[in-house]
Amino acid sequence: MNLVGELVLGKNRLILVNSLAKREETNEVVFDNLTDVTSYIETITNELQLSVMRARLVPISKVFNKIPRMVRDLCAEFKKDIELKVEGEETELDRSLIEALVDPIVHIIRNSIDHGIEPPDEREKKGKERKGILSIQAYNEGNHVIIEVFDDGKGINVQAVKDKVIEKGLMTEAEVTGLSTKETMNLIFIPGLSTVQKVSSVSGRGVGMDVVKTNIEKMNGQVYIDSEEDQWTRLTIKLPLTLAIMRA
């Protein structure tokens with residue numbers, strides 16, 4: 001409210017200087033004055049804009065608070081032992097994005113538990129700790145919020161992804177061969193592509209990572225995946241801090 005008061009004072013000055021400028025077209029002092037006031041109005045308006053944007057922000061804990069119970073339930077269902085690490089619950093995001101973020105995050109976590117992290121016995125055979133790690137982290141980066149979901153599970157089998165893409169006729173063998181490892185991994189966002197042998201009630205169901213990508217892109221966000229086979233998978237979501245302002 002204080003800023004709006006400042007804005008009105010500046011506007012009144014601007015009107016006055018403007019009327020002087022019309023009469024004194026060659027007066028450099030008036031034009032300098034006009035420039036100063038315009039700059040002042042811009043500063044105040046920008047501050048007001050930021051304040052209004054901040055009023056729309058809510059902590060991401062609204063999404064993160066639902067995760068521990070979901071992880072416990074899924075661990076019980078799949079007989080898996082997983083340690084959950086959550087960081088950055090205080091990170092703030094536009095309230096409209098918070099609501100739209102729930103489904104993609106839930107889907108990603110379900111995938112990690114169902115297909116990513118192996119059962120304790122299988123992990124032991126691979127020389128890993130029996131307890132798997134699932135970590136979710138949120139932090140600010142400029143005008144964006146980054147959300148990372150990491151698991152130390154079986155990772156992505158790049159060759160299996162390539163084979164599936166060719167088998168489904170989505171790309172030719174020559175096209176697939178020309179892709180880098182990272183580009184190949186991101187093919188899992190193609191609609192209908194799944195390398196899972198067994199479809200469970202939790203994930204699969206024909207609802208793949210393409211739905212996650214579509215939902216994130218609706219929020220003007222981006223999603224990337226990175227992985228090392230038999231070691232880990234990291235899925236990164238990058239979202240604008242707020243939808244209140246869009247640059248044209």
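When all heavy atoms of Phe189 and Asp210 are compared, the pair lying nearest together is O-CB, 3.1 Å. Listed here is the closest heavy atom pair of Glu89 and Pro59: O-CB, 3.7 Å. Between Ser96 and Arg56, the shortest heavy-atom contact is OG-NH2, 3.9 Å. Closest heavy-atom contact between Arg123 and Gly153: NH1-CA, 4.3 Å. Closest of all the heavy-atom pairs between Glu148 and Thr236 is CG-OG1, 3.9 Å.
Between the side chain of Ser135 and the backbone N or O of Lys85 there is no donor-acceptor pair closer than 3.5 Å. Glu47 places no side-chain N or O within 3.5 Å of a backbone atom of Ile44 that could act as its donor or acceptor partner. With Asp152 contributing its side chain and Ile133 its backbone, the two residues share a donor-acceptor pair below 3.5 Å. Panel note: side chain Ser39, backbone Thr35; no donor-acceptor pair is recorded below 3.5 Å.
Hydrophobic side-chain contacts under 4.5 Å tie Trp232 into a cluster, directly or through other members, with Phe150.
At most 12 heavy atoms of other shown residues, nucleotides or ligands fall within 6.0 angstrom of atom CD in Glu129.
Ile156 contributes atom CD1, which lies 5.0 Å from atom OG1 of Thr233 (distance to the nearest 0.5 angstrom). Interatomic distance, Ile108 CD1 to Ile225 CD1, rounded to the nearest 0.5 Å: 8.0 Å.
Side-chain contact between Glu217 and Thr214 is absent, with no heavy-atom pair separated by less than 4.5 Å.
Side-chain N/O atoms of Gln222 and Tyr224 include a donor and acceptor closer than 3.5 Å.
For the side chain to side chain contact (heavy atoms under 4.5 Å, CB included) test with Val161, the passing option among Thr184, Asn186, Thr181, Leu179 is Thr184; the others fail.
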Would you mind writing out the side-chain donor-acceptor pairs for residues 60-73 within the sub-3.5 Å range, not counting sequence neighbours?
unit_1	atom_1	unit_2	atom_2	d
Asn65	ND2	Ser61	O	3.1

